[in-house]
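Lettering follows sequence order; numbering is per chain, from 1.
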2 protein chains.
Amino acid sequence: MVKAFSMSEVSTQERIKAAAAKVFTMKGLEGARMQDIADEANINKAMLHYYFKNKQQLFQVIFEEKATKVFSALDLFVHGELSFHQRISKFVESQISIFSEFPTLPLFVLMEVRKNPALLEATFRNIPLQIKRSEFQSLVENEISVGNIRKVDPQELLLNIIALCVYPIIAEPIFRFLSDMDEIEYRSFINRRKDTITALITNDLFIKK
Amino acid sequence: MVKAFSMSEVSTQERIKAAAAKVFTMKGLEGARMQDIADEANINKAMLHYYFKNKQQLFQVIFEEKATKVFSALDLFVHGELSFHQRISKFVESQISIFSEFPTLPLFVLMEVRKNPALLEATFRNIPLQIKRSEFQSLVENEISVGNIRKVDPQELLLNIIALCVYPIIAEPIFRFLSDMDEIEYRSFINRRKDTITALITNDLFIKK
DNA sequence: CTTTTGCCTAACCATTTGGTTAAATCATCT
DNA sequence: AGATGATTTAACCAAATGGTTAGGCAAAAG
């Protein structure tokens, strides 16, 4: 049969996924209640099990989707014809844009992986995450050998950039509390960081001529 | 009556707190099972309710303790008679030392606050967290006016330092997976960062003479 | 029109889980 | 030793929660 989009315009399955994503990322696997997901999606709880085998499987689907998104910015760094400086600036920019739009993503992925490290294996069995990392590494090593940037540990460079981009997002509630910023102010604070992060990293990296 | 330390050498209440800290920080409030905590402490489940009103209250006690520890390094920055450079280096060092020893702390606090922002108000009602921040701010502003460091947003500086220290700890599982390091290698990787983080920050900050 | 098929709902079920209770121990004081 | 009060245990309970089922309904197929 063909799916009926009659009144909701978006399929029930998609509504479930959207609702599950919202609840799982906010509450975590154990904190999420199937009833909450059903309510959020405005459907009967039984429909969850009609479209997905059980809570675990629904979670796995959402986790894979979100984890992929979390690492998606890395593609931007590795691909395309850009200077190394541009790669960094594009990477920072896209990373901050993605996580500004979905602020719950990084903490969700980080926490679930901490609770259950086996998720990593299961999720990235097929996705070539390590490949991307070694491409990144080659790019960095090439820049070093060419004398464009100083000698650095590529792992550390990657970690530093991601840390500077991601941490402000995951620590938003605490930093807002600490510095009495409202949501608008904090958004703009984070947005300004697109430039300052890039500057901090590149000033440290590029050899002055 | 006086407490009996007969065979365990450490009071039941302390055993419960240690067990609860372990389980809560690993699994989160909802993921933690009272039975798991009891098992971890090798006591009867009813004892949890003998010493603590309920799960919420036990959680609150643990959370307050851990949250306080998370922010404890900030004291080191603000107090004592040190140069600004030394303050930064001491801060980075103590931050990394603390979180290397208790790697689950930051993610735990960050996640629980995200799930329930009211925790912040409840926990830091009495602890002068904002005071510390404004002391930090004054220190930075003074260094700027003296011409020792370039003009920076103190909030951003604090955020950058913490990000660079904390993120490697909370992302350990993912980065270990990504870079195929074992635990020993990763510990040493993080330890080396005590110097590189300080260098990155201070090179950006101090005005070359 | 009738049948089939996919979609959906209300009611229900089994298990897990936080929490309680009554009775048993154990240590201390008299 | 016996009384007293703190500590501990096993058994139990009610509510919450993930999951199931029998049946209803609407639209396409015949």
B:Gln13 CD to D:dT8 P, in whole Å, measures 11 Å
Mind calculating the distance between CZ (B:Phe52) and P (D:dT7) to the nearest angstrom?
13 Å
Using the side-chain contact (heavy atoms from CB on, under 4.5 Å) rule, pick out the option among A:Leu159, A:Leu164, A:Leu157 that qualifies with A:Ile161.
A:Leu157
Round to a whole Å and report the spacing from CD1 of B:Ile43 to C1' of D:dA10.
14 Å
Looking only at side-chain N and O atoms, does A:Lys194 offer a donor or acceptor that is under 3.5 Å from a partner on A:Ser97?
yes
Between B:Tyr51 and D:dT8, does any side-chain N or O lie under 4.0 Å from OP1 or OP2?
yes
Worked check of salt bridge (Lys or Arg N to Asp or Glu O under 4.0 Å) between B:Glu156 and A:Arg193:
CA-CA 8 Å; B:Glu156 190 165 12; A:Arg193 286 175 61 79; 3.4 Å; yes
Give the B/S/- string for nucleotides 17-23 of chain D, one per nucleotide from 5' to 3', where a protein heavy atom under 4.0 Å of the base yields B, of only the sugar-phosphate yields S, and otherwise -.
SBBBB--
Rounded distance in Å - CE (A:Met47) to P (D:dC25):
16 Å
Could you tell me whether the side chains of A:Asn116 and A:Glu112 share a donor-acceptor contact shorter than 3.5 Å?
no
Residues two or more places apart in sequence or in another chain: which of them pass side chain to side chain donor-acceptor pair (under 3.5 Å) with B:Thr68?
none
Does B:Leu178 have any side-chain contact (heavy atoms from CB on, under 4.5 Å) partners at least two apart in sequence or in another chain, and if so, which?
A:Leu129, A:Arg133, A:Leu158
Kindly say if A:Thr12 contacts the phosphate of C:dC8, meaning a side-chain N or O under 4.0 Å from OP1 or OP2.
yes
A:Leu48 CG to C:dC8 P: how many Å, rounded?
12 Å
